[in-house]
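For reference, the structure is listed below as structure tokens.
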Amino acid sequence: MLLNHKNRKNEKGFAIALALLMLVAMSLMGASLMLIAASDHKKNGNQNIKQQAFYAAETGITEAKKWLSSQSSLTAGSDPNNQLTFCKTSLFPELSNPKAIKDHIGKKDLSEFFEEVKDKEKLKEFSYEYFITYTPDASGNTQTPITQTVSGATGGDISQGTSYKNTGTSTATYYNVYSCGCNADKSTCSIDNNFVSVLQTTVTLTN
């Protein structure tokens with residue numbers, strides 16, 4: 001009987017040790033799952049921020065194109081860095097000595113662009129800046145416009161029949177739009193502290 005009593009004590013001690021071991025293992029598993037979930041949540045949040053900043057940069061491209069199409073004459077001005085907060089020319093390696101067209105700099109918070117929205121405060125957290133130059137030459141300079149004579153169609157009165165479209169030529173001038181989107185308003189965004197998405201496109205205007 002004494003031997004059986006000792007065996008039961010040993011079994012109780014083993015059961016307690018096993019329960020503690022399983023508790024520790026489950027606690028570690030729970031902590032790991034929480035860390036994984038937190039990491040995924042952070043990644044998703046960062047991805048959303050990057051996506052919104054990209055949309056802000058796209059908005060800048062669209063606004064720049066609208067502005068370009070409304071201009072009758074354009075000339076190169078001064079270094080855009082003098083007026084930009086976060087869309088620095090250093091973000092675009094192709095530029096060596098950029099001059100903004102007519103010193104025109106576009107900058108807005110998205111809340112200023114989208115007037116008819118409910119969550120305007122959220123949109124204030126995203127902004128864009130853009131500048132426009134003549135398309136740079138092989139050295140990265142933008143002082144002189146790059147032009148090309150192109151052929152096209154000129155329209156007349158449809159009653160002219162077969163002569164409705166006549167072959168003609170026009171001069172195409174090439175411009176580059178550089179736009180940056182940021183996950184902060186346009187007055188506080190900085191390259192060092194915020195996420196900045198950069199986009200560039202070439203626009204051709206004919207006359």
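Values in this document were obtained by computation on a predicted structure and should not be read as measured data.
To the nearest 0.5 Å, atom OH of residue Y174 and atom CD1 of residue I146 are 9.0 Å apart. The line from OG1 of T142 to CD1 of I132 is 12.0 Å long, rounded to the nearest 0.5 Å. N183 CG to Q52 CD: the interatomic distance, rounded to the nearest 0.5 Å, is 10.0 Å. Rounded to the nearest 0.5 Å, atoms CG (N193) and OG1 (T188) are 9.5 Å apart. Atom NZ of K107 sits about 11.5 Å away from atom OH of Y130, to the nearest 0.5 Å. Atom SG of C180 sits about 7.5 Å away from atom CD1 of I191, to the nearest 0.5 Å.
Between the side chain of S170 and the backbone N or O of T206 there is no donor-acceptor pair closer than 3.5 Å. Side chain of D185 to backbone of S187: a donor-acceptor contact under 3.5 angstrom is found. Remark: side-chain polar atoms of E129 are not paired, donor with acceptor, to backbone N or O of G181 under 3.5 angstrom.
Between A57 and S179, the shortest heavy-atom contact is O-OG, 2.7 Å.
Of the candidates K65, E58, K66, T62 forms a side-chain contact (heavy atoms from CB on, under 4.5 Å) with just one, namely K66.
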What donor-acceptor contacts under 3.5 angstrom involve side-chain atoms of residues 94-102, with partners at least two apart or in another chain?
unit_1: E94; atom_1: OE2; unit_2: N176; atom_2: ND2; d: 3.4
unit_1: E94; atom_1: OE2; unit_2: Y178; atom_2: OH; d: 3.1
unit_1: S96; atom_1: OG; unit_2: S139; atom_2: O; d: 2.7
unit_1: S96; atom_1: OG; unit_2: G140; atom_2: O; d: 3.4
unit_1: K102; atom_1: NZ; unit_2: Q71; atom_2: OE1; d: 3.3

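Residues forming a side chain to side chain donor-acceptor pair (under 3.5 Å) with T204 (at least two apart in sequence, or on another chain): none. With sequence neighbours excluded, the residues satisfying salt bridge (Lys or Arg N to Asp or Glu O under 4.0 Å) with K186 are D109, E112.
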- Task: Mind running ring pair (Phe, Tyr, Trp, His ring centres under 6.0 Å) on Y175 and Y134 for me, showing each step along the way?
- Result: CA-CA 4 Å; Y175 301 90; Y134 288 126; 5.5 Å; yes
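Under the 4.5 Å side-chain heavy-atom criterion for ILVMFWY residues, no single connected hydrophobic cluster contains both F92 and F54.
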